[in-house]
Amino acid sequence: MPAKRPAPELPEPLSPLVDAHTHLDACGASDAESVAAIVDRAAAVGVGRVVTVADDLDAARFAVRAAHWDERVYAAVALHPTRANVLDDATKTELEKLAADPRVVAVGETGLDYYWPGKLDGCAGIEDQVEGFRWHIDLAKRLGKPLMIHNREADHDLLTVLLDEGAPDTVIFHCFSSDAAMAQACVEEGYVLSFSGTVSFKNAHELREAATLVPDHQILVETDAPFLTPHPFRGAPNEPYCLPYTVRALAQARGQDPVRLAELTTANAQRLYRL
């Protein structure tokens, strides 16, 4: 990810925090030393643990290695919906093995993405995405691990597939970006909503409204780094250390004390991911 702006300055520490969804490989990590450097920066401002997430098979392999290199790192593995067209039998077999690793705390990110088909070369079509999503749902249920969802412009179909397949015990909507109606529908189903830096964006009025509807026990916080850097640093590279900026913005939207929100989202992450 090219950096258009300098990296954000370190925020005022806020503790305890868990980054529920990040991509350490996309942040530049490639070995144990570089993983530790990123997590050290995060720990310095209160972000003591991170879940690094895969979107393809190479990233899944890396995520599991990273989680074994550093006890502060956990992994989630899956194929991103835009890559569901490469989910052949060999890939399924390897993903199943990786997902069963004790350092893997979720199956994800999987789901539906209706934005990229027709815009991105090689992007999986809708039918392949739905088929891949169904397979990942089944995998999460077989392993008894949370399902981590990517949803872009696919609210209705995504909820329909979950209902049709029967959702796992824990469903996490990563980087929730829909409106209040979708938030309410997810809350009623018992799904967990994870909020990223987008909640701090100036034009995110509907998202902030949605954030007020989520009960304390169904909310997580994440960076989705290196993407979605919180305001006022949009366009700069994101990292797990930036999470306190997002938590403070989310706390303001919800009318909560940031320290209290940090505590409850950390407790949720520990419970849901079994950290």
Side-chain angles (χ1 to χ4, degrees), residues 1-15 17-31 33-56 58-59 62-63 66 70 72-73 76 80 82 109 113 115-116 119-121 123 150-153 173-178 193-208 210-211 220-254 258 261-262 265:
M1 177 183 177
K4 299 177 183 178
R5 298 177 56 191
E9 60 191 48
L10 289 174
E12 181 182 346
L14 184 60
S15 180
L17 282 175
V18 175
D19 187 349
H21 184 115
T22 191
H23 301 271
L24 293 181
D25 54 341
C27 289
S30 58
D31 54 21
E33 183 179 6
S34 51
V35 166
I38 292 173
V39 182
D40 284 347
R41 280 192 290 276
V45 295
V47 185
R49 287 166 289 182
V50 306
V51 178
T52 190
V53 180
D55 54 13
D56 63 20
D58 284 342
F62 171 83
D70 195 308
R72 300 167 295 179
V73 177
H80 191 279
T82 59
E109 59 185 284
D113 189 314
Y115 175 81
W116 282 114
K119 300 184 181 77
L120 180 68
D121 288 344
C123 180
H150 169 100
N151 170 34
R152 191 164 185 185
E153 300 182 7
F173 276 73
H174 121 77
C175 187
F176 185 82
S177 57
S178 301
L193 306 188
S194 182
F195 289 88
S196 72
T198 53
V199 77
S200 71
F201 293 175
K202 289 184 177 181
N203 61 349
H205 307 296
E206 288 188 350
L207 182 57
R208 283 188 285 274
L220 292 171
V221 289
E222 63 172 87
T223 59
D224 198 21
F227 316 106
L228 306 178
T229 314
H231 177 78
F233 304 105
R234 288 186 72 173
N238 199 7
E239 257 194 35
Y241 78 81
C242 296
L243 187 59
Y245 290 119
T246 291
V247 176
R248 290 187 170 99
L250 181 60
Q252 183 176 15
R254 287 169 57 87
L261 183 58
T265 56

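Throughout, residue positions are numbered sequentially from 1 according to the sequence presented. Atoms considered below: every heavy atom in the structure, side chains included; atoms not considered: hydrogens, waters and symmetry mates.
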With side chain to side chain contact (heavy atoms under 4.5 Å, CB included) as the test, would you mind laying out the steps for L207 and F195 before giving the verdict? CA-CA 9 Å; L207 182 57; F195 289 88; 3.8 Å; yes
Evaluation steps, side chain to side chain contact (heavy atoms under 4.5 Å, CB included), between E9 and Y245: CA-CA 11 Å; E9 60 191 48; Y245 290 119; 3.4 Å; yes
Apply the test side-chain hydrogen bond (donor to acceptor under 3.5 Å, both in side chains) to residues D224 and H23: give CA-CA distance (whole Å), side-chain angles for both, the deciding distance (0.1 Å), then the verdict. CA-CA 6 Å; D224 198 21; H23 301 271; 3.1 Å; yes
Should D113 and T82 be marked as a side-chain hydrogen bond (donor to acceptor under 3.5 Å, both in side chains) after you check the CA-CA gap, both sets of side-chain angles, and the distance that decides it? CA-CA 7 Å; D113 189 314; T82 59; 5.9 Å; no
Test side chain to side chain contact (heavy atoms under 4.5 Å, CB included) on L24 and F62 and set out the steps. CA-CA 9 Å; L24 293 181; F62 171 83; 4.2 Å; yes
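Between the side chain of R234 and the main chain of T198, no donor-acceptor pair closer than 3.5 Å is present. Here the side chain of Y241 pairs a donor or acceptor atom with the backbone of P8 at under 3.5 angstrom. One N or O on the side chain of S200 and one on the backbone of H231 form a donor-acceptor pair closer than 3.5 Å. Under a 3.5 Å cut-off, the side chain of R254 and the backbone N or O of A211 do form a donor-acceptor pair. Here the side chain of E222 pairs a donor or acceptor atom with the backbone of C175 at under 3.5 angstrom. The backbone N or O of T223 sits nowhere less than 3.5 Å from a side-chain atom of T22 that would complete a donor-acceptor pair.
Side chains of R72 and D40 form a contact here, defined as non-hydrogen atoms less than 4.5 Å apart. A heavy-atom distance below 4.5 Å is not found between the side chains of V45 and C242.
In this structure, N151 and S178 approach most closely via the heavy-atom pair ND2-OG, 3.7 Å. Shown here for A36 and D70, the closest heavy-atom pair between the two residues is CA-OD2, 3.8 Å. Contact detail for P226 and C27: the closest heavy-atom pair is N-SG, 3.7 Å. Residues N238 and P230 approach most closely at OD1-CD, 4.0 Å, considering heavy atoms. Residue L10 comes nearest to R41 through the heavy atom pair CD2-O, 4.5 Å, listed as atom of the first residue, atom of the second, then distance.
For F173, the ring pair (Phe, Tyr, Trp, His ring centres under 6.0 Å) partners two or more places apart in sequence, or in a different chain, are Y191.
In this structure, R5 fails the cation-pi test against F233, since its NZ or CZ atom is not both closer than 6.0 Å to the six-membered ring centre and inside 45 degrees of the ring normal.
A side chain to side chain contact (heavy atoms under 4.5 Å, CB included) with P240 holds for exactly one of L17, D19, V18; it is D19. The side chain to side chain contact (heavy atoms under 4.5 Å, CB included) with V199 is formed by just one residue from the set L250, L228, V247; it is L250.
Atom CG of D55 sits about 7.0 Å away from atom CG of D25, to the nearest 0.5 Å.
Crowding of K202 atom NZ: a count of heavy atoms from other residues, nucleotides or ligands under 6.0 Å not exceeding 12.
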